[in-house]
Amino acid sequence: MAPALLGAWVHGRGVTVRLTEVEAYRGQTDPGSHAFRGPTRRTRVMFGHPGTLYVYFSYGMHVCANIVTSPSGEASAVLLRAGEVVDGRELARSRRPTSKSDIDLARGPGRLCAALGITLDDDGDDLRSGPIRLEVPDADSPPVAYAQGPRTGVSGPGGSEEYPWRFWIAGEPTVSPYRKSPPRGGDERRR
DNA sequence: AGCCGGATCCGCT
DNA sequence: GCGGATCCGGCTT
């Protein structure tokens, strides 16, 4: 499910990003998920229908965006960790003035949201009809080679090797630099 | 009512 | 490579 989003485009307010890195969070059974302890005011949109944007406020100064991927009540979601800006580059630069290189414009979940102009107001929006749109490649488009490994920034059991649910496009310079690539670079797969 | 740590980023060393 | 910024959510008292 989650790796199917690699290579997909997200259009946000004049900027388009091609997703290069995502992380899966699996409902209430996943100790690393915000939904682990059931619905709260913050996580209620995770329990909504697939194709909904879940945006949360992080570390007092950033926002991060997820796509809800499961039917209502299940609360699985995919965190958009990084992407390559493929359209609206100048706008993205203006939204991310601290980026020294275009590679960094949407490298990291907070940066990706900034580049796309995503704010907390977009929490709960429908990705088919709202200001932020998701465009998934055709099923018959060429496969994307990807790697997978443990999730970034998740501490406790959810961050262990038992949950290797971070997926990225192999060899992409735009994948977020934190925690480096896991040992031995993770497993190579293809879809 | 208060505490603690976080699905981060940036600048400095 | 490391620490500071900055503040909310969720759990404890």
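Every chain is numbered from 1, with letters handed out A, B, ... down the list of sequences.
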(message) If I take atom OH in residue A:Tyr56 and atom P in nucleotide C:dG10, what distance separates them, rounded to the nearest angstrom?
(response) 12 Å
(request) Would you name the heavy atoms of A:Arg95 and A:Gly12 that are closest together and state the gap between them? (result) NH1-O, 3.5 Å
(message) I'd like the C1' distance from C:dG3 over to B:dG5, given in whole Å.
(response) 16 Å
(message) Whether A:Glu172 and A:Arg18 form a salt bridge (side-chain N of Lys/Arg under 4.0 Å from carboxylate O of Asp/Glu) is what I want to check.
(response) yes
(request) Give the rounded distance in Å between these two atoms: CZ of A:Arg95 and P of B:dC9. (result) 17 Å
(request) State whether A:Ser58 places a side-chain N or O below 4.0 Å from either non-bridging phosphate oxygen (OP1 or OP2) of B:dA7. (result) no
(request) Establish whether A:Val78 and A:Val136 are linked, either directly or via other cluster members, by ILVMFWY side-chain heavy-atom contacts under 4.5 Å. (result) yes
(request) Respond yes when some side-chain nitrogen or oxygen of A:Arg166 is under 4.0 Å from OP1 or OP2 of B:dA7, and no when none is. (result) no
(message) Is the terminal nitrogen or CZ of A:Arg26 (NZ for Lys, CZ for Arg) located under 6.0 angstrom from the six-membered ring centre of A:Phe36 and within 45° of that ring's axis?
(response) no
(message) Rounding to an integer number of Å, can you tell me how far A:Leu120 CG sits from C:dC7 C1'?
(response) 12 Å
(request) When you get a sec, tell me which of B:dA7, C:dG10, B:dC10 is the closest nucleotide to the side chain of A:Leu79? (result) B:dA7
(request) Could you state the atom-to-atom distance from CZ of A:Phe36 to P of B:dG6 in whole Å? (result) 15 Å
(message) Could you tell me how far apart A:Phe57 (CZ) and C:dG9 (C1') are, to the nearest whole angstrom?
(response) 12 Å
(request) Would you indicate, yes or no, if C:dG9 has its OP1 or OP2 atom less than 4.0 angstrom from a side-chain nitrogen or oxygen of A:Arg41? (result) no
(request) Could you let me know what C:dT6 is paired to, Watson-Crick or G-U wobble, both distances under 3.5 Å, or none if it's on its own? (result) none
(request) Go through the side-chain N and O atoms of A:Thr152 and A:Arg166 and say whether any donor and acceptor fall under 3.5 Å apart. (result) yes
(message) Would you say A:His34 places a side-chain N or O within less than 4.0 Å of OP1 or OP2 belonging to C:dG9?
(response) no
(message) When you measure from the side-chain N and O atoms of A:Arg42 to the phosphate of C:dG10, is any distance below 4.0 Å, counting only OP1 and OP2?
(response) yes
(request) Write down the distance between OH (A:Tyr163) and P (B:dA7), rounded to a whole number of angstrom. (result) 15 Å
(request) Assess whether one donor atom and one acceptor atom, taken from the side chain of A:Tyr59 and the base of C:dA5, lie less than 3.5 Å apart. (result) no
(request) Grab the CD-P distance between A:Gln28 and C:dG10 for me, whole Å please. (result) 13 Å
(message) Looking only at the side chain of A:Met61 (C-beta and beyond, no hydrogens), which of the listed nucleotides B:dA7, C:dT6, B:dG11 gets closest?
(response) C:dT6
(message) Without decimals, in angstroms, what is the distance between A:Phe167 CZ and B:dA7 C1'?
(response) 15 Å
(request) Check whether any side-chain nitrogen or oxygen of A:Arg111 sits under 4.0 Å from OP1 or OP2 of B:dC10, and answer yes or no. (result) yes
(request) With the side chain of A:Arg96 defined as its heavy atoms from C-beta on, choose the nearest nucleotide among B:dT8, B:dC10, C:dG10. (result) B:dC10
(request) Side chain of A:Tyr54 only, please: which of C:dT6, C:dG10, B:dA7 is the nearest? (result) B:dA7
(message) Quiz question: by atom type and distance under 3.5 Å, do the side chains of A:His49 and A:Ser72 form a donor-acceptor pair?
(response) no
